[in-house]
A.B. asks: 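Structure below; questions to follow.
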Amino acid sequence: MEFTASQIASFIDGKIIGDENALITGVSPIEGGEAGHLSFIAQERFSHYLDTSNCSVLIVSEDILTKDSYDQTIISVKDAYLSFQVLMNLYQEMQGRKEGIEDGASIHDTAVVGDKAYVGAFTYVSEKAKIGEGSQIYPQVYIGKGVKIGKNCKIDSGARIYDYCIIGDNCVIHSNTVIGGDGFGFQPTPEGFKKIPQLGNVIIEDDVEIGSNCSIDRATIGSTVIGKGTKIDNLIQIAHNVKIGQNNVIASQTGIAGSTIVGDWNQIGGQVGIVGHIKIGSQVKIQAQSGVNSHVNDKETVYGSPAISYNNYLKSYVHFRNLPELVKRINNLENNSKDQTNE
């Protein structure tokens with residue numbers, strides 16, 4: 001596709017500095033700009049690219065601009081990052097959506113596929129499953145018995161959604177993620193560990209995005225729940241009966257053990273481990289690689305393993321780094337005290 005600078009500016013309510021007819025045929029990261037390409041500068045620390053980038057057109061936050069003219073065409077906006085997001089969403093919409101059922105897809109007679117939905121080749125849709133209007137089910141997806149998928153969802157190739165799980169509207173599930181696998185439930189007996197049947201399901205509410213290679217286990221009884229608007233990175237394990245609230249962001253390689261409750265608007269860093277049967281409040285920040293083994297109150301920031309208050313951790317770490325010297329000083333003080341006592 002080709003666009004002029006003036007067309008791009010009209011999409012994002014930008015002001016042009018330079019050639020409004022400059023032609024754009026592609027997009028580049030600012031570090032590797034090319035002639036005929038578009039990029040953006042949203043922060044002052046990248047402003048030097050205004051003088052060095054080879055891009056033909058740059059979307060720039062207005063508070064960074066210091067001159068009346070530049071070598072490139074500039075589209076001045078209030079927030080370049082948000083404006084660039086608008087353009088990317090528009091471009092994605094222009095790509096169009098597939099419709100219909102491809103050859104090789106297997107759909108049970110009792111399953112229901114909504115209007116304008118797409119089901120790719122070698123996908124299997126089990127009995128009594130329902131796929132909502134406009135949803136995109138890519139090739140080689142498995143959809144189990146009684147699964148309900150809402151409107152305008154995207155399920156990427158290789159995803160597996162097991163029996164009776166429920167997916168809301170406008171959800172995205174990336175490749176090789178498993179929704180509704182058995183929870184890790186075993187009862188120790190003299191003969192060994194006996195499996196506890198996992199009879200519940202998973203409920204994923206509207207506007208949730210789940211990265212690739214995640215595992216979200218079905219509840220033992222009841223439901224494992226992922227709340228509206230939550231965004232889950234790749235390689236994440238969420239165990240049975242976990243309840244996650246709305247608008248959380250959870251980074252890669254995090255694991256949340258069974259029956260833990262997580263509130264709303266939390267930020268959970270990468271490689272965080274959270275034990276089972278505890279409660280995480282709302283607006284909590286858990287720093288990367290933390291191990292959380294007790295309840296966390298609203299608006300707390302925690303760090304470490306076991307995780308403690310972030311500020312307390314930083315203060316403690318200062319002392320921990322100097323621990324050998326502190327021990328040496330204490331030993332010297334003790335020795336001096338003994339010498340003075342002997343005198």
Side-chain angles (χ1 to χ4, degrees), residues 124 126-129 141-149 158-168 171 173 176-205 208 210-227 230 232-246 248 250-264 266 268-281 284 286 289-297 302 304-308:
Y124 184 84
S126 301
E127 60 185 292
K128 298 182 180 180
V141 169
Y142 172 78
I143 297 174
K145 180 179 179 180
V147 166
K148 295 179 181 179
I149 297 174
R160 304 289 185 262
I161 304 173
Y162 289 176
D163 294 356
Y164 301 109
C165 292
I166 298 172
I167 314 296
C171 290
I173 300 174
N176 300 320
T177 280
V178 176
I179 307 296
D182 277 359
F184 193 61
F186 296 90
Q187 177 67 36
T189 72
E191 293 78 31
F193 289 92
K194 301 299 183 182
K195 184 176 180 66
I196 300 171
Q198 306 293 294
L199 304 179
N201 71 344
V202 175
I203 297 175
I204 295 173
E205 296 181 352
V208 170
I210 301 170
S212 61
N213 296 293
C214 295
S215 293
I216 301 178
D217 293 343
R218 67 176 53 248
T220 305
I221 298 173
S223 299
T224 301
V225 179
I226 311 297
T230 287
I232 295 174
D233 199 0
N234 307 323
L235 296 166
I236 285 173
Q237 158 70 14
I238 296 173
H240 54 190
N241 291 94
V242 168
K243 312 289 186 187
I244 293 178
Q246 298 184 4
N248 292 277
I250 306 175
S252 179
Q253 298 182 356
T254 286
I256 303 176
S259 298
T260 283
I261 298 174
V262 178
D264 304 327
N266 296 302
I268 300 176
Q271 296 185 331
V272 165
I274 302 175
V275 303
H277 299 272
I278 66 170
K279 184 175 181 179
I280 309 296
V284 168
I286 303 176
Q289 296 189 327
S290 294
V292 182
N293 64 0
S294 60
H295 301 301
V296 180
N297 295 323
V302 297
S305 186
I308 60 175

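It should be emphasised that the depicted structure is a prediction, and the values quoted were computed from it without experimental measurement. The analysis underlying the following values was restricted to heavy atoms, covering all of them including side chains, and did not include hydrogens, waters or symmetry mates.
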A.B. asks: Between T189 (side chain only) and E191 (backbone N and O only), is there a donor and an acceptor less than 3.5 Å apart?
C.D. replies: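 It does hold such a pair.
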
A.B. asks: Rounded to the nearest 0.5 Å, what separates atom CZ in F186 from atom NZ in K194?
C.D. replies: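 It comes to 11.5 Å.
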
A.B. asks: Do other residues, nucleotides or ligands put more than 12 heavy atoms under 6.0 Å from the OH atom of Y142?
C.D. replies: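 Buried by this count: over 12 neighbours within 6.0 Å.
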
A.B. asks: Step by step, work out the side-chain contact (heavy atoms from CB on, under 4.5 Å) result for I143 and I149.
C.D. replies: CA-CA 9 Å; I143 297 174; I149 297 174; 3.7 Å; yes

A.B. asks: Look only at the side chain of T177 and the backbone of N213, and say whether a donor-acceptor pair between them is shorter than 3.5 Å.
C.D. replies: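 Such a contact is found between T177 side chain and N213 backbone.
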
A.B. asks: Would a 4.5 Å heavy-atom cut-off, applied to side chains only, mark I280 and V292 as touching?
C.D. replies: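 Of all side-chain heavy-atom pairs linking V292 with I280, at least one is under 4.5 Å.
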
A.B. asks: Hey, is the main chain of H277 close enough, under 3.5 Å, to the side chain of T260 for a donor-acceptor pair?
C.D. replies: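 Answer holds: yes.
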
A.B. asks: What distance do N241 atom CG and T220 atom OG1 have between them, rounded to the nearest 0.5 Å?
C.D. replies: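 Rounded to the nearest 0.5 Å, the CG-OG1 separation comes to 5.0 Å.
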
A.B. asks: Write down the atom of D163, the atom of K145, and the distance for their closest heavy-atom approach.
C.D. replies: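 Closest approach of D163 to K145, heavy atoms only: OD1-N, 2.8 Å.
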
A.B. asks: Do N248 and Q246 come close enough that some side-chain heavy atom pair is under 4.5 Å?
C.D. replies: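 Result no, sub-4.5 Å side-chain heavy-atom pair not found.
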
A.B. asks: Measure the shortest side-chain to side-chain distance between Q187 and F193 over non-hydrogen atoms and say whether it is less than 4.5 angstrom.
C.D. replies: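 Contact flag for Q187/F193 side chains = no.
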
A.B. asks: Between A257 and G276, what is the shortest heavy-atom contact and its length?
C.D. replies: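 For A257 versus G276, the nearest heavy atoms are CB-N, 3.3 Å.
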
A.B. asks: In the structure I gave you, are the side-chain heavy atoms of I226 and I203 within less than 4.5 Å of one another anywhere?
C.D. replies: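 The answer is no; the side chains never approach within 4.5 Å.
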
A.B. asks: Please name the pair of heavy atoms, one in E205 and one in C171, separated by the smallest distance, quoted to 0.1 Å.
C.D. replies: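 For E205 versus C171, the nearest heavy atoms are O-SG, 3.1 Å.
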
A.B. asks: How long is the straight-line distance from SG of C214 back to CD of Q253, given to the nearest 0.5 Å?
C.D. replies: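 The distance works out to 10.5 Å.
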
A.B. asks: Would you find a donor on one side and an acceptor on the other, under 3.5 Å apart, between the side chain of K195 and the backbone of F184?
C.D. replies: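 Checked: no pair found.
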
A.B. asks: Quick one: which of I232, I238, N234 gives a side-chain contact (heavy atoms from CB on, under 4.5 Å) with I210?
C.D. replies: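 Looking at I232, I238, N234, the match for I210 under the side-chain contact (heavy atoms from CB on, under 4.5 Å) is I232.
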
A.B. asks: On a heavy-atom basis, which atom in G245 and which in D264 lie closest, and how many Å separate them?
C.D. replies: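 Taking every non-hydrogen atom into account, CA-OD1, 3.3 Å.
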
A.B. asks: Taking atom OG1 of T254 and atom CG of L235, what is their separation to the nearest 0.5 Å?
C.D. replies: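 CG of L235 is found 10.5 Å from OG1 of T254.
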
A.B. asks: For residues I173 and A159, report the shortest heavy-atom separation together with the two atoms involved.
C.D. replies: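 Answer, listing the atom of I173 first, then A159: CG2-CB, 4.3 Å.
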
A.B. asks: Is any side-chain heavy atom of I286 closer than 4.5 Å to one of V284?
C.D. replies: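 Of all side-chain heavy-atom pairs linking I286 with V284, at least one is under 4.5 Å.
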
A.B. asks: Of all heavy-atom pairs between C165 and G180, which one has the smallest distance, and what is that distance?
C.D. replies: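 Answer, listing the atom of C165 first, then G180: SG-CA, 3.7 Å.
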
A.B. asks: To the nearest 0.5 angstrom, please state how far the OG atom of S126 sits from the OH atom of Y162.
C.D. replies: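 Atom-to-atom, S126:OG and Y162:OH are 11.0 Å apart.
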
A.B. asks: Does I268 form a side-chain contact (heavy atoms from CB on, under 4.5 Å) with I274? I'd like the steps, not just the answer.
C.D. replies: CA-CA 10 Å; I268 300 176; I274 302 175; 4.3 Å; yes

A.B. asks: Go through H240 and R218 one step at a time and tell me if the side-chain contact (heavy atoms from CB on, under 4.5 Å) criterion holds.
C.D. replies: CA-CA 5 Å; H240 54 190; R218 67 176 53 248; over 6 Å; no

A.B. asks: Is the closest side-chain heavy-atom distance between N201 and I166 below 4.5 Å?
C.D. replies: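 When only atoms from C-beta onward are counted, I166 and N201 do touch, with a gap below 4.5 Å.
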
A.B. asks: Using 0.5 Å steps for rounding, measure from the CD atom of Q271 to the CD1 atom of I236.
C.D. replies: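 Reported to 0.5 Å precision, the distance equals 11.0 Å.
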
A.B. asks: Could you tell me whether the side chain of I216 reaches within less than 4.5 Å of the side chain of T224, counting heavy atoms only?
C.D. replies: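 Of all side-chain heavy-atom pairs linking I216 with T224, at least one is under 4.5 Å.
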
A.B. asks: Going by heavy atoms in the side chains, are K279 and V296 under 4.5 Å from each other?
C.D. replies: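 No, too far: nothing below the 4.5 Å cut-off.
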
